[in-house]
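Computed from heavy atoms alone, side chains included, the values below leave out hydrogens, waters and symmetry copies.
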Amino acid sequence: MQNKSFILLGSNLGDREYLLNAAVEKVCEVCGSLIDKSSLYESEPWGFQTDNNFLNQVIQIETSMSPHDLLKEILSVEIQLGRDRITKYDTYVSRPIDIDILYFNDMIINEYDLIVPHPRLHLRRFTMLPLCEIAAEFIHPIFNVSNKQLLSLCDDDSVVHLYKKRLS
């Protein structure tokens, strides 16, 4: 069975664009095939202070993996690209790569190691703008409204702008 997942990529350390491209390549290499990807968006940090802005992108993949297997592979890709997953922080920190599962089909998962849909996706413009670019009409399985509607309701006023338009 083929599953569809929307995945958020972010980077605010190092060569951000290279790291996002490498993450897309590695995720597709080990997890499944790329269906679509958004443009790159630049945003100020959310939830913590730093001088380093983030680049973000949302991709949609098709995979035969389970949600937990996908998570395991995504965490491995983060480590390969320089993410420190050993040190525990009390807050968000700058990082070379961050990869989050936003949706997995229309499943609802609430377990200690995996929550899908991502519990804060609707609160963050840096997530909603690229997500709406490729999946505006996708219905959030808990809120039962489209991503486009979630974006219109989003109270986040942080600055997010188009960094690099996707190639069609």
Would you say [X]'s side chain and [Y]'s backbone share a donor-acceptor pair under 3.5 angstrom?
| X | Y | answer |
| --- | --- | --- |
| Asn147 | Ala135 | yes |
| Arg166 | Lys37 | yes |
| Glu62 | Lys4 | no |
| Asn105 | Met107 | no |
| Thr63 | Cys31 | yes |
| Asp36 | Gln60 | no |

Please find the pair of heavy atoms, one from [X] and one from [Y], that lie closest to each other, and give the distance.
| X | Y | answer |
| --- | --- | --- |
| Phe104 | Val116 | N-CG1, 3.5 Å |
| Pro119 | Ile115 | CD-CG2, 3.9 Å |
| Pro96 | Gly82 | CG-O, 3.3 Å |
| Leu121 | Leu102 | CD2-O, 3.8 Å |

Going from [atom1] on [X] to [atom2] on [Y], what distance comes out if it is rounded to the nearest 0.5 angstrom?
| X | Y | atom1 | atom2 | result |
| --- | --- | --- | --- | --- |
| Phe126 | Glu42 | CZ | CD | 13.5 Å |
| Ile74 | Ile99 | CD1 | CD1 | 6.0 Å |
| Leu9 | Gln57 | CG | CD | 6.0 Å |
| Leu75 | Leu70 | CG | CG | 9.5 Å |
| Leu19 | Glu78 | CG | CD | 11.5 Å |
| Leu81 | Leu13 | CG | CG | 13.0 Å |

Do other residues, nucleotides or ligands put more than 12 heavy atoms under 6.0 Å from the [atom1] atom of [X]?
| X | atom1 | value |
| --- | --- | --- |
| Glu25 | CD | no |
| Tyr18 | OH | no |
| Asp113 | CG | yes |

Does a side-chain heavy-atom distance below 4.5 Å link [X] with [Y]?
| X | Y | result |
| --- | --- | --- |
| Ile101 | His118 | no |
| His68 | Leu114 | yes |
| Ile59 | Leu34 | yes |
| Ile142 | Ile108 | yes |

Side chains of [X] and [Y]: is there a donor and an acceptor less than 3.5 Å apart?
| X | Y | result |
| --- | --- | --- |
| Ser152 | Gln149 | no |
| Asn53 | Ser43 | no |
| Ser39 | Glu133 | yes |

Can you tell whether the side chains of Lys26 and Glu73 come within less than 4.0 Å, N to carboxylate O?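 Salt bridge absent between Lys26 and Glu73.
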Check this for me, if you would: do Asp157 and Arg125 make a salt bridge, where the nitrogen-to-carboxylate-oxygen distance has to be below 4.0 angstrom?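 Looking at Asp157 and Arg125, the cut-off is not met.
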Mind running side-chain contact (heavy atoms from CB on, under 4.5 Å) on Asn56 and Leu8 for me, showing each step along the way? CA-CA 7 Å; Asn56 292 104; Leu8 175 68; 4.1 Å; yes
Plane angle bin for His122 and His140 - parallel if under 30°, tilted between 30 and 60°, otherwise perpendicular: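 Rings of His140 and His122: perpendicular, over 60°.
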For Val145 and Leu150: C-alpha separation, side-chain torsions, deciding distance, then whether side-chain contact (heavy atoms from CB on, under 4.5 Å) applies. CA-CA 7 Å; Val145 298; Leu150 286 176; 3.6 Å; yes
Working for side-chain contact (heavy atoms from CB on, under 4.5 Å), residues Phe6 and Ile61: CA-CA 7 Å; Phe6 290 96; Ile61 66 165; over 6 Å; no
Find out if a path of hydrophobic residues (ILVMFWY) with successive side-chain heavy-atom gaps under 4.5 Å connects [X] to [Y].
| X | Y | answer |
| --- | --- | --- |
| Leu20 | Tyr163 | yes |
| Leu131 | Leu162 | yes |
| Ile35 | Met65 | no |

Derivation and outcome, side-chain contact (heavy atoms from CB on, under 4.5 Å), residues Leu151 and Leu129: CA-CA 7 Å; Leu151 176 58; Leu129 283 172; 3.8 Å; yes
Do Phe138 and Tyr103 make the cut of ring centroids closer than 6.0 angstrom? yes
